[in-house]
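Written out below as structure tokens is the structure these notes cover.
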Amino acid sequence: MSEDPNRATAAAILPLVGGAGNVTSVAHCMTRLRLGIRDRSLVHDEALRALPAVMGVVEDDTYQIVLGPGTVARVTPELERLVEQARSHPEPAPAPATPATTADATTTPATTAEQLADRGAALKARQKARNATPGKLFLRRIANIFVPLIPALIGCGIIAGLNGLLTNLGRLPAAVPALTALASGFMSLIAVFVGHNTAKEFGSTPVLGGAVAAVIVFPGVTHITAFGQHLSPGQGGVLGALAAALLAVQVEKKCRAVVPAALDVLVTPTVTVLVTGLVTVFGLMYVAGEVSTALGTLATWLLAHGGAFAGFLLGGLFLPLVMLGLHQALIPIHATLIQQQGYTVLLPILAMAGAGQVGAALALYLRLPRNRSLRTTIKSALPAGLLGVGEPLIYGVSLPLGRPFLTACLGGACGGGFIGLFNQLGDTVGSTAIGPSGWALFPLVKGGQGLATTLVVYALGLAVGYVTGFLATYFFGLGTQQRAELNTAPDAQAPTGTGTGAEKDKETGTDKDAEAGAGPQPAPRPAAAPPVTLTPP
């Protein structure tokens with residue numbers, strides 16, 4: 001029986017990140033395997049990038065390996081299992097793949113694509129260091145609270161869409177109540193999950209965070225009056241739950257600092273729930289409810305009166321947020337809009353940024369016909385890009401080249417402006433859940449008009465993003481000298497026959513990675529291919 005590919009991928013990754021002893025934590029989001037690394041020098045970036053399942057690597061607050069949706073959820077538990085086995089039964093760590101071994105495992109010569117990937121990682125690291133402000137680090141932690149909730153949001157969102165379709169068609173009426181319960185159950189209790197994850201992220205007791213957030217959805221709050229008004233269950237939503245849990249974290253930490261150890265198990269939980277709960281019902285629920293209402297009203301007004309301009313700005317600025325890893329901080333806003341309106345009108349607009357990125361990559365593929373390495377990178381990353389996973393194209397192609405990143409942003413801006421314009425005209429386009437993008441968003445699309453109209457508008461928006469990103473990059477994405485260098489450098493190192501670069505290395509006895517600077521005798525670069533000078537966008 002053949003080995004499970006997910007377990008094989010995990011087994012290939014583990015030694016390349018320094019083994020189980022070098023891994024302090026294992027987690028994942030929609031597309032990335034997020035590892036806590038003890039010693040960064042033991043990680044072999046190039047060997048990881050060469051693995052077939054790996055779309056790219058990103059160094060942030062954790063070491064992130066981009067595997068793509070679906071795959072990452074299957075590889076993560078396998079890696080966790082291997083780490084636990086290694087810790088339970090210590091063995092000598094297997095030697096990580098050397099650059100020469102990696103060279104034999106891939107048929108792509110170590111040319112411009114690898115250099116661009118290195119430049120993309122360096123740009124990302126510089127941007128991260130430049131933006132490591134307390135405010136942005138806090139936003140990343142807020143994102144960590146909501147990322148684990150995305151699978152449930154997607155599942156319930158798709159069920160909600162299916163339920164709406166059956167209701168409109170008048171089919172299977174007996175199934176509608178059950179589907180309604182499945183789609184709405186999680187959203188009715190999302191505040192509890194947010195409270196739990198908030199306390200966990202900020203180093204407190206998770207169940208206490210969930211307990212104080214549960215007050216928000218308790219039906220009995222209708223008997224409580226705050227600011228002259230009766231409260232309603234769910235008032236304040238995820239923002240109220242977030243605020244309540246953050247307060248609970250502080251109260252619990254203060255209690256543990258002053259309460260004697262013998263009384264801690266009784267006093268600390270009681271005081272935490274009592275103090276935080278009272279502040280929540282008599283203050284936070286009302287305030288958070290007003291903020292949530294204001295957010296929904298603002299989003300509706302903005303797209304109703306300036307939809308095209310707002311969409312242009314949102315679609316154009318989203319890729320830089322993805323580049324910095326800050327796009328997840330928008331999840332609380334999406335969740336609030338879904339709770340209020342049944343869908344978020346922002347996500348389809350932001351999804352246009354990925355369309356601009358795909359169009360830019362296609363233009364580069366055509367403009368660089370002799371750069372086999374970069375074209376291979378684009379071909380391997382395009383399917384993920386079409387499904388809304390933009391990191392491989394961002395870090396491996398457009399960002400290190402500089403100008404194509406800007407033209408991709410322009411494509412996203414035009415696609416976002418198109419969606420925003422139709423929102424302004426009354427054809428609202430929204431998403432019943434968050435997480436997917438690109439083509440993967442179609443099952444979640446919902447709007448103010450019929451489903452067919454909404455799907456067509458979204459599809460046309462993607463087309464605008466593709467075409468604009470393509471044309472802008474094709475004509476303005478590369479300077480004459482840069483295009484000549486990128487087209488010349490790979491040919492100087494590529495084989496002249498029909499064999500691959502790896503085959504040529506074997507025939508000549510040359511270590512391919514020695515040419516990349518990994519071996520003791522690096523080969524000189526061709527005279528016709530001077531180093532390309534790139535500047536960050």
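The figures here come from the full heavy-atom set of this structure, side chains too, leaving out hydrogens, waters and symmetry mates.
Formation of a donor-acceptor pair under 3.5 Å by the Asn6 side chain with backbone atoms of Val75 is not found in this model. Between the Thr76 side chain and the Ala73 main chain, no donor and acceptor come within less than 3.5 Å of each other. Within the 3.5 Å criterion, the main-chain N or O of Gly36 finds a donor-acceptor partner in the side chain of Ser25. Of the possible polar contacts, none joining the Thr297 side chain to the Ala294 backbone as a donor-acceptor pair under 3.5 Å is found.
The CG atom of Leu298 lies 9.0 Å from the CG atom of Leu303; values are rounded to the nearest 0.5 Å. Expressed to the nearest 0.5 Å, how far CG of Leu239 lies from CD of Gln339 amounts to 8.5 Å. Rounding to the nearest 0.5 Å places CZ of Phe405 at 12.0 Å from CG of Leu401. With rounding to the nearest 0.5 Å, the separation of CD1 in Ile434 from CG in Leu350 is 11.5 Å. Atom-to-atom distance recorded for Asn197:CG and Asn144:CG is 10.0 Å, nearest 0.5 angstrom. Atoms CD1 and OG1, on Ile331 and Thr344 in that order, are 11.0 Å from each other to the nearest 0.5 Å.
Here side chain to side chain donor-acceptor pair (under 3.5 Å) pairs that include residues 418-429, with residues two or more places apart or in two chains, number zero. The ring pair (Phe, Tyr, Trp, His ring centres under 6.0 Å) pairs that include a residue from residues 342-389 number zero, where partners must be two or more places apart or lie in different chains. Among residue pairs with one or both ends in residues 443-452, none qualify as side chain to side chain donor-acceptor pair (under 3.5 Å); sequence neighbours excluded.
Of all heavy-atom pairs between Pro404 and Thr473, the closest is CB-CG2, 4.3 Å. Residues Ile142 and Pro332 approach most closely at CG2-CG, 3.9 Å, considering heavy atoms. The two residues Leu441 and Ala351 have their closest heavy-atom pair at CD2-CB, 4.3 Å. The shortest heavy-atom contact between Gly296 and Leu337 is CA-CD2, 3.7 Å. What you find for Ile338 and Ser431 is that their closest heavy atoms are CG1-O, 4.1 Å. Thr407 and Ala472 get closest at one heavy-atom pair: CG2-O, 3.6 Å.
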* To do: Take Val43 and Leu16, measure what side-chain contact (heavy atoms from CB on, under 4.5 Å) needs, and give me the verdict at the end.
  => CA-CA 6 Å; Val43 179; Leu16 297 179; over 6 Å; no

* Assess whether side-chain contact (heavy atoms from CB on, under 4.5 Å) is satisfied between Val17 and Val23, documenting all intermediate values. => CA-CA 8 Å; Val17 295; Val23 177; 3.9 Å; yes

* To do: Please test Leu35 against Thr62 for side-chain contact (heavy atoms from CB on, under 4.5 Å), starting from the C-alpha separation and ending with a verdict.
  => CA-CA 6 Å; Leu35 302 179; Thr62 56; over 6 Å; no

* To do: Go through Leu425 and Leu421 one step at a time and tell me if the side-chain contact (heavy atoms from CB on, under 4.5 Å) criterion holds.
  => CA-CA 6 Å; Leu425 296 176; Leu421 175 62; 4.2 Å; yes

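Applying the side-chain contact (heavy atoms from CB on, under 4.5 Å) criterion to Ala183, with sequence neighbours excluded, gives Ile159, Ala160. Shown here are the salt bridge (Lys or Arg N to Asp or Glu O under 4.0 Å) partners of Glu201, two or more places apart in sequence or in another chain: Arg141. Qualifying ring-ring contact (aromatic ring centres under 6.0 Å, His included) partners for Phe475, counting only residues two or more places apart in sequence or in other chains: none. Taking the ring-ring contact (aromatic ring centres under 6.0 Å, His included) definition, one finds that Tyr466 meets it with nothing, sequence neighbours left out. Not counting sequence neighbours, His28 has no partner by the side-chain hydrogen bond (donor to acceptor under 3.5 Å, both in side chains) test. Applying the side-chain hydrogen bond (donor to acceptor under 3.5 Å, both in side chains) criterion to Ser398, with sequence neighbours excluded, gives Gln357. Listed by chain and number, the residues in a side-chain hydrogen bond (donor to acceptor under 3.5 Å, both in side chains) with Glu78 are Arg7, Arg81 (sequence neighbours excluded). For Tyr63, the ring-ring contact (aromatic ring centres under 6.0 Å, His included) criterion is met by no residue, not counting sequence neighbours.
Thr300 and Gln341 form a side-chain donor-acceptor contact under 3.5 Å, judged by distance and modelled atom types alone.
Using a 4.5 Å cut-off on side-chain heavy atoms (C-beta onward), Val194 and Thr198 make contact. Looking only at side-chain heavy atoms (C-beta outward), Pro148 and Phe193 stay at 4.5 Å or farther from each other. The closest side-chain heavy-atom distance from Leu33 to Val26 is below 4.5 Å. With a 4.5 Å cut-off on side-chain heavy atoms, Pro436 and Leu387 do not count as touching. Looking only at side-chain heavy atoms (C-beta outward), Arg40 and Asp45 come within less than 4.5 Å of each other. At least one side-chain heavy atom of Leu364 sits under 4.5 Å from a side-chain heavy atom of Leu478. Side-chain contact check for Val72 versus Arg32: every heavy-atom pair is 4.5 Å or farther apart. No side-chain heavy atom of Leu346 sits less than 4.5 Å from a side-chain heavy atom of Leu330.
With a 6.0 Å radius and a threshold of 12 heavy atoms from other residues, nucleotides or ligands, Arg367 has its CZ atom above the threshold. In the displayed structure, Phe476 atom CZ is contacted under 6.0 Å by at most 12 heavy atoms of other residues, nucleotides or ligands.
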Side-chain donor-acceptor pairs of residues 304-312 under 3.5 Å, sequence neighbours excluded:
from: His305; atom 1: ND1; to: Trp301; atom 2: O; distance (Å): 3.0
from: His305; atom 1: ND1; to: Trp301; atom 2: NE1; distance (Å): 3.3

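Below 30°, between 30° and 60°, or above 60°: for Phe418 and Phe422 the angle between ring planes is between 30° and 60°, a tilted geometry. Ring pair Tyr458/Phe442 is perpendicular by interplanar angle, where above 60° counts as perpendicular and below 30° as parallel.
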